[in-house]
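Throughout, residue positions are numbered sequentially from 1 according to the sequence presented. Since the model is a prediction, treat every value here as computed from it, not as a measurement. We use all heavy atoms of the structure for the numbers below, so side chains are in, but hydrogens, waters and symmetry mates are not.
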Amino acid sequence: MLTAGEEPLYVLRRLTRAAVEDIGLADPNALVQCIAAKDTYDFLGSPEGELAIAQACLYLATAPKSNAAYAAQKAAWRSAKETGSLMPPQNILNAPTKLMKQIGYGKGYTYDHDAEGGFSGDNYWPDEMAPQTFYSPTDRGMEKRIAERMAWWSEMREKRRDSGE
């Protein structure tokens, strides 16, 4: 594309889009590589900066692929359009005034950092909405570890429900 005369910044924009749409959290460094390539090209200009573009291309070509974040964004936006602006549950609302405390804002809030593993398992979904899962990580790259963490969170929520908390 570059030797055919395409603008380097256009190529970098397309690479960055691929990093977030086609690789995503399977390798979060793909985005970092693309932004670094853009900064390098801005700093060095042509022709030296084109090596950074080639490096970003190679990185993306060899990175594990996942569009799970892209699919999650679309699902979350669809849900938001369908449900509108629902209030979060009162337990997670800040209560800076006496009145807010009296009507229950912040009551029963669990500080995640004080919970086992830094995860309370609290419900953050509006009362009118059942908890949903928008993001389903793949078993590729970093997403494999994310999936393991999410499975642990589900296990912790289940234990909490079973214990009556």
S.K.: What residue among Leu15, Leu9, Thr16 forms side-chain contact (heavy atoms from CB on, under 4.5 Å) with Lys38?
M.R.: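 Per the side-chain contact (heavy atoms from CB on, under 4.5 Å) rule, the option paired with Lys38 is Leu9, out of Leu15, Leu9, Thr16.
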
S.K.: Got a donor-acceptor contact below 3.5 angstrom from the Asn67 side chain to the Glu21 backbone?
M.R.: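 Such a contact is absent between Asn67 side chain and Glu21 backbone.
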
S.K.: Provide the closest heavy-atom pair for Pro28 versus Met142 in the form atom of the first, atom of the second, distance.
M.R.: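 In terms of heavy atoms, the two residues are closest at CD-CB, 3.8 Å.
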
S.K.: What residues, two or more places apart in sequence or in another chain, satisfy side-chain hydrogen bond (donor to acceptor under 3.5 Å, both in side chains) together with Thr97?
M.R.: none

S.K.: Looking at side-chain heavy atoms only, is the closest gap between Lys101 and Tyr105 below 4.5 Å?
M.R.: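 When only atoms from C-beta onward are counted, Tyr105 and Lys101 do not touch, as no gap falls below 4.5 Å.
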
S.K.: So, Asp22 and Arg17, do they make that salt bridge, N to O below 4.0 Å?
M.R.: no

S.K.: Is it true that Lys144 and Glu148 have a side-chain N and a carboxylate O under 4.0 angstrom from each other?
M.R.: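 No.
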
S.K.: Taking Asp27 as the fixed residue, which of Leu31, Ile23, Leu25 is the one that meets the side-chain contact (heavy atoms from CB on, under 4.5 Å) rule?
M.R.: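 Only match with Asp27 under side-chain contact (heavy atoms from CB on, under 4.5 Å): Ile23.
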
S.K.: Testing the 3.5 Å rule here: is there a donor-acceptor pair between the side chains of Asn91 and Tyr124?
M.R.: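 Checked: Asn91/Tyr124 side chains show no N/O donor-acceptor pair below 3.5 Å.
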
S.K.: Passes side chain to side chain contact (heavy atoms under 4.5 Å, CB included), Asn94 versus Met100? Steps please.
M.R.: CA-CA 8 Å; Asn94 192 20; Met100 290 173 153; over 6 Å; no

S.K.: Tyr10 versus Arg13: any side-chain heavy-atom pair under 4.5 Å?
M.R.: yes

S.K.: Measure up the Trp153 and Phe119 rings against each other and bin them: parallel (under 30°), tilted (30 to 60°), perpendicular (over 60°).
M.R.: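 Correct class here is parallel.
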
S.K.: Where is the tightest heavy-atom contact between Val11 and Glu6, given as atom of each residue plus distance?
M.R.: CG2-CG, 3.9 Å

S.K.: By side-chain contact (heavy atoms from CB on, under 4.5 Å), which residues pair with Ala26, not counting sequence neighbours?
M.R.: Pro64, Ser66, Glu143

S.K.: If only atom types and distance count, is the side chain of Ser79 paired as donor or acceptor with the main-chain N or O of Ala75 below 3.5 Å?
M.R.: no

S.K.: Run the side-chain hydrogen bond (donor to acceptor under 3.5 Å, both in side chains) test against Gln90 and tell me which residues pass, sequence neighbours left out.
M.R.: none

S.K.: Check whether any side-chain N or O of Lys65 sits under 3.5 Å from a backbone N or O of Gly24 as a donor-acceptor pair, and report yes or no.
M.R.: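 No; judged by distance alone, with no hydrogens or angles, the pair does not exist.
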
S.K.: Does Thr138 reach the main-chain N or O of Arg140 with its side chain, forming a donor-acceptor pair under 3.5 Å?
M.R.: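 Indeed, once roles are kept as given, a pair shorter than 3.5 Å links the two residues.
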
